[in-house]
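In what follows, a structure is listed as structure tokens, so that the remarks can point back to it.
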Amino acid sequence: MRYVRLGKTGLKVSVLGLGCMRLPEQDGKVVRELSTPMLQRAVELGINYFDTAIDYCHGDSQAAVGEALEGLRDKVLLSTKNHHHRAEKSEWRRCLEESLKLLRTDYIDIYSHHGISWEIFVKYLDPENDGLTKEMMRAKEEGLVRHIAFSFHDTPENLIKLIDTGHYESVTLQFNLLDQRNKDAILHAREAGMGVVVMGPLGGGRLGLPNEKISHLIGEEVGSTVEAALRFVLGTPGVNVALSGMQDIRMLEENVRTVEANEPFSAKTIAGLNELVAERKKKSGLYCTGCGYCMPECPVGIAIPENLDLLNLSAIYGLHDTAMTRYRTLKGTAAECVSCGKCVVKCPQNIDIPKQLQRAALEFDERAGTVQLNAAIDKIDPEGTFELRLKVFNFSGETKTVCLTVRPRERVVVRPDVITIENVPPFARLTRTVRGTYAPRSEEIILSVEGICNGDRFSIDKNCRFTFLHKGISADWESGEWFEFRPAAGDFSDAKDTIVQHAVRFKLSYDDTTLLLLADVTDDFLSPTVRKTHNGDLGDCLVLFLDGRKPADIGKPTSDEGVYRIFLYPGTPGKAPPFYKAPRTDMRLKVRAEGTDTGYRLKAEIPLKSFCLEQAPPGKIGFDLACETANEKGVRIGRFRWTGMSENNADASHFREIWLV
């Protein structure tokens with residue numbers, strides 16, 4: 001095994017490190033019978049750099065590493081990370097102390113802020129503003145941490161700014177044969193004396209596959225693409241350690257053998273490789289530098305450089321399956337391009353971006369060659385009218401004509417109910433809007449739309465649940481309209497006779513600034529106070545789900561900003577006051593509670609501007625409410641919901657729409 005100095009830390013580190021994010025697991029726990037022999041074998045083979053983090057392996061990685069390496073502490077360097085950027089100082093310190101305990105050590109060699117950006121540094125970490133890096137420095141003075149560092153997923157420009165703060169001694173970043181964006185920042189780190197640890201040297205596993213094209217590109221004989229990837233990373237000036245997430249002893253020994261038997265690529269080899277790749281990109285019309293000048297111009301938010309990069313990944317490196325897998329994860333795929341041409345004007349390389357995005361869509365999009373339909377119900381009026389927007393997406397390379405038939409149910413009428421959309425160009429989307437009526441006092445519109453295109457049939461069902469709120473705050477517990485819901489079989493893990501002891505009635509009202517929730521909860525109230533566990537906060541509470549995105553997006557599945565889950569705890573009557581847990585520190589709620597003979601009452605004032613992405617008051621919001629109950633030990637035994645699903649914070653399509661009129 002070869003060893004180098006980790007920047008100015010003075011630590012002598014193995015060039016191959018073991019990343020402990022993917023240790024073998026079963027049922028959310030690391031399998032010690034597999035992980036311990038592998039970790040100990042790594043030490044025997046000369047690896048001394050072990051990298052873990054609080055949340056790796058469902059929170060079990062640190063404990064597994066600590067148990068395996070406890071008797072080998074003098075032979076290893078332990079690196080771990082704390083992802084609690086917004087935590088109070090006491091909570092951040094508690095996490096550090098827990099890491100020391102789990103790793104079974106008195107000190108941590110490399111302690112990192114986990115996955116930070118420049119924005120996070122400025123807001124929460126800057127020691128000049130009493131940020132959490134100051135706590136990290138204090139821990140170093142106490143001997144609990146030997147060297148302070150950070151891991152990083154932001155832009156190269158922001159990485160250089162973080163390096164220039166001078167606060168950190170090492171950085172863990174992404175860099176590999178396929179993704180060299182951080183190349184200049186790595187050189188900058190070396191000049192600043194910082195250690196550089198590379199995660200993902202195999203491109204997230206993409207370079208762990210046999211591939212003749214990559215071997216041919218290298219220009220010299222290599223045994224595998226794994227060998228090429230490791231030799232490339234370790235041959236890059238400034239890189240000290242390549243972390244590999246090895247899952248078994250066979251993989252471990254192969255990687256060690258590769259590093260020991262082969263010298264890193266020379267600067268000449270790396271330069272020649274990059275020149276060859278650049279030449280092939282130019283010939284293919286896809287010499288995208290990733291400058292991002294096109295991005296602000298895109299009206300639909302397509303990740304243009306990422307989509308173009310996938311074409312190169314497939315054509316130049318031969319990694320077509322990998323490109324398809326990555327395509328599915330993109331926010332803003334090539335198929336959404338509307339061919340407006342605004343991006344072309346801004347491209348320094350004069351790439352015909354719409355044409356290349358169509359290529360990417362045909363090659364990687366699972367919808368390629370099909371016609372897709374989307375239906376949205378909007379502008380619901382209390383008098384009994386609504387609009388139905390029908391949008392046809394043509395994901396093929398041919399012009400299509402589509403015939404749509406609307407089939408309403410439950411006293412819903414749509415006119416016209418047969419719509420023909422002619423001459424839909426390739427990769428275009430055309431919209432038609434029709435008017436409909438529903439029974440005025442109902443709170444649900446159900447319909448289906450059937451389509452025919454070139455003999456192919458497809459359909460979509462649409463179910464919109466909604467409620468109207470008329471403006472005016474009402475804090476009166478005795479009058480007004482209440483919604484009531486009770487648990488059903490399967491909502492509780494304890495004896496079913498506990499179900500009868502639970503129910504919730506609630507009502508909402510609003511004005512220009514505030515959404516007011518009044519909730520009257522029937523609950524055995526066994527655990528009104530919060531309990532701290534490794535699984536989070538448990539106890540009796542209400543869970544409020546809010547979707548505050550723009551009205552057109554409410555009801556679409558998402559995990560984007562604007563969809564929130566808030567825990568409202570009643571506290572302990574006469575002892576602890578009520579409180580809440582919100583996803584943002586600037587979401588200032590007013591919560592009051594009181595105990596009753598059958599449970600508790602809770603009043604919450606939610607500022608509309610705290611969660612709405614538009615100016616308050618919005619036209620509508622997504623809303624859902626759940627009741628959680630716990631036993632005497634604070635362990636949750638049940639949750640029942642007014643509407644939708646408990647996972648609404650990740651899938652907003654289950655919200656009920658609250659129209660503010």
Side-chain angles (χ1 to χ4, degrees), residues 1-20 46-53 74-82 105 107-118 121 125-127 132-134 136-141 143-176 180-201 230-244 259 263-265 267 270:
M1 180 59 62
R2 292 187 298 109
Y3 299 89
V4 297
R5 298 289 178 185
L6 184 66
K8 59 186 177 184
T9 67
L11 297 177
K12 188 178 179 182
V13 296
S14 55
V15 294
L16 180 64
L18 203 157
C20 301
I47 291 177
N48 71 350
Y49 195 99
F50 293 83
D51 179 78
T52 181
D74 59 335
K75 298 181 179 180
V76 299
L77 299 170
L78 295 178
S79 166
T80 192
K81 313 177 193 73
N82 189 332
T105 183
Y107 63 92
I108 295 168
D109 297 286
I110 302 291
Y111 197 55
S112 295
H113 294 304
H114 196 169
I116 69 172
S117 63
W118 177 250
F121 170 79
L125 306 180
D126 188 352
L132 288 174
T133 297
K134 195 171 184 179
M136 190 178 272
M137 293 172 172
R138 185 175 292 115
K140 180 179 179 180
E141 292 173 359
L144 302 178
V145 171
R146 293 180 67 187
H147 302 284
I148 65 177
F150 63 93
S151 65
F152 180 84
H153 295 281
D154 199 358
T155 65
E157 294 77 16
N158 285 340
L159 174 54
I160 289 173
K161 289 198 289 187
L162 282 165
I163 293 168
D164 287 343
T165 66
H167 299 313
Y168 306 105
E169 301 167 87
S170 180
V171 58
T172 302
L173 49 77
Q174 287 186 319
F175 180 77
N176 56 66
Q180 301 182 40
R181 285 174 293 180
N182 286 323
K183 179 181 177 182
D184 292 339
I186 289 173
L187 290 173
H188 193 76
R190 183 181 69 167
E191 293 170 359
M194 281 185 65
V196 175
V197 179
V198 168
M199 53 181 159
L230 289 174
R231 292 175 66 187
F232 174 84
V233 168
L234 294 175
T236 300
V239 173
N240 305 128
V241 180
L243 285 177
S244 180
V259 170
E263 289 294 319
F265 286 142
I270 292 175

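Since the structure is predicted, the reported quantities are computational estimates derived from the model, not experimental observations.
Checked by atom type and distance alone, the side chain of K161 never pairs as donor or acceptor with a backbone atom of W118 at under 3.5 Å. Looking only at distances, a side-chain donor or acceptor of Y3 sits under 3.5 Å from a matching main-chain atom of G46. Using modelled atom types, one side-chain atom of R5 and one backbone atom of G10 make a donor-acceptor pair closer than 3.5 Å. No side-chain donor-acceptor contact under 3.5 Å links D51 to the backbone of T172. With hydrogens and angles disregarded, no donor-acceptor distance shorter than 3.5 Å links the side chain of D126 to the backbone of F121. The backbone N or O of M199 sits nowhere less than 3.5 Å from a side-chain atom of Q174 that would complete a donor-acceptor pair. In this structure, the side chain of T155 engages the main chain of N158 through a donor-acceptor pair within 3.5 Å. Of the possible polar contacts, none joining the S112 side chain to the H114 backbone as a donor-acceptor pair under 3.5 Å is found. In this structure, the side chain of N240 engages the main chain of V196 through a donor-acceptor pair within 3.5 Å. Not one N or O on the side chain of R190 forms a donor-acceptor pair closer than 3.5 Å with the backbone of P237.
Two residues are said to be in side-chain contact when any heavy atoms from C-beta on lie closer than 4.5 Å; K81 and H113 fail this criterion. The closest side-chain heavy-atom distance from P127 to H167 is below 4.5 Å. L243 is listed as a side-chain neighbour of Y49, based on a closest heavy-atom distance under 4.5 Å. The closest side-chain heavy-atom distance from T105 to L78 is below 4.5 Å. Considering only heavy atoms from C-beta on, V171 stays 4.5 Å or farther from V197 through its side chain. Residues I110 and R146 fail the side-chain proximity criterion, which asks for heavy atoms closer than 4.5 Å. For the pair V15/V241, no side-chain contact is recorded, criterion being any heavy-atom separation below 4.5 Å from C-beta on. E263 has its side chain out of reach of L234: every pair of non-hydrogen atoms, C-beta onward, lies at least 4.5 Å apart.
Within the model, atoms CE of M194 and CG of L6 stand 9.0 Å from one another, a figure rounded to the nearest 0.5 Å. Taken from OG in S14 to CD1 in I47, the straight-line distance is 6.0 Å, to the nearest 0.5 Å. Within the model, atoms CD1 of I116 and CG of L159 stand 9.5 Å from one another, a figure rounded to the nearest 0.5 Å. Considering OG1 of T236 and CG of N176, their distance stands at 10.0 Å, rounded to 0.5 Å. Atom OG of S79 and atom CG of L11 lie 10.5 Å apart (nearest 0.5 Å). Here the CZ-CG distance, from R138 to L132, works out to 10.5 Å after rounding to the nearest 0.5 Å.
Across D154 and S117, no two heavy atoms sit closer than the pair OD2-CB, 3.3 Å. Minimum heavy-atom separation, R181 to P156: O-CG, 3.3 Å. For the residue pair G115 and H153, the shortest heavy atom distance occurs at CA-CD2, 4.0 Å. Between A242 and V233, the closest heavy-atom pair is CB-CG1, 4.1 Å. Nearest heavy-atom pair across M137 and I148 is CG-CD1, 4.1 Å. Taking all atoms of both residues into account, the shortest heavy-atom contact from D109 to V76 is OD2-O, 3.9 Å.
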### Message
Determine whether V4 and V13 satisfy the following criterion, side chain to side chain contact (heavy atoms under 4.5 Å, CB included), listing intermediate values before the conclusion.
### Response
CA-CA 6 Å; V4 297; V13 296; 3.9 Å; yes
### Task
Give the C-alpha distance, both sets of side-chain angles, the deciding distance and a yes or no for side chain to side chain contact (heavy atoms under 4.5 Å, CB included) between S244 and L16.
CA-CA 7 Å; S244 180; L16 180 64; 4.2 Å; yes
### Query
Please walk me through it: do L144 and I108 pass side chain to side chain contact (heavy atoms under 4.5 Å, CB included)?
CA-CA 6 Å; L144 302 178; I108 295 168; over 6 Å; no
#### Entry: Pair Y111-H147, side chain to side chain contact (heavy atoms under 4.5 Å, CB included): steps then yes or no
CA-CA 6 Å; Y111 197 55; H147 302 284; over 6 Å; no
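S170 is linked by a side-chain hydrogen bond (donor to acceptor under 3.5 Å, both in side chains) to nothing, counting only residues two or more places apart in sequence or in another chain. Taking F50 as the reference, nothing meets the ring pair (Phe, Tyr, Trp, His ring centres under 6.0 Å) condition, with sequence neighbours excluded.
Residues Y168 and T133 bring a donor and an acceptor atom of their side chains to less than 3.5 Å of each other.
Other residues, nucleotides and ligands place more than 12 heavy atoms under 6.0 Å from the NZ atom of K140.
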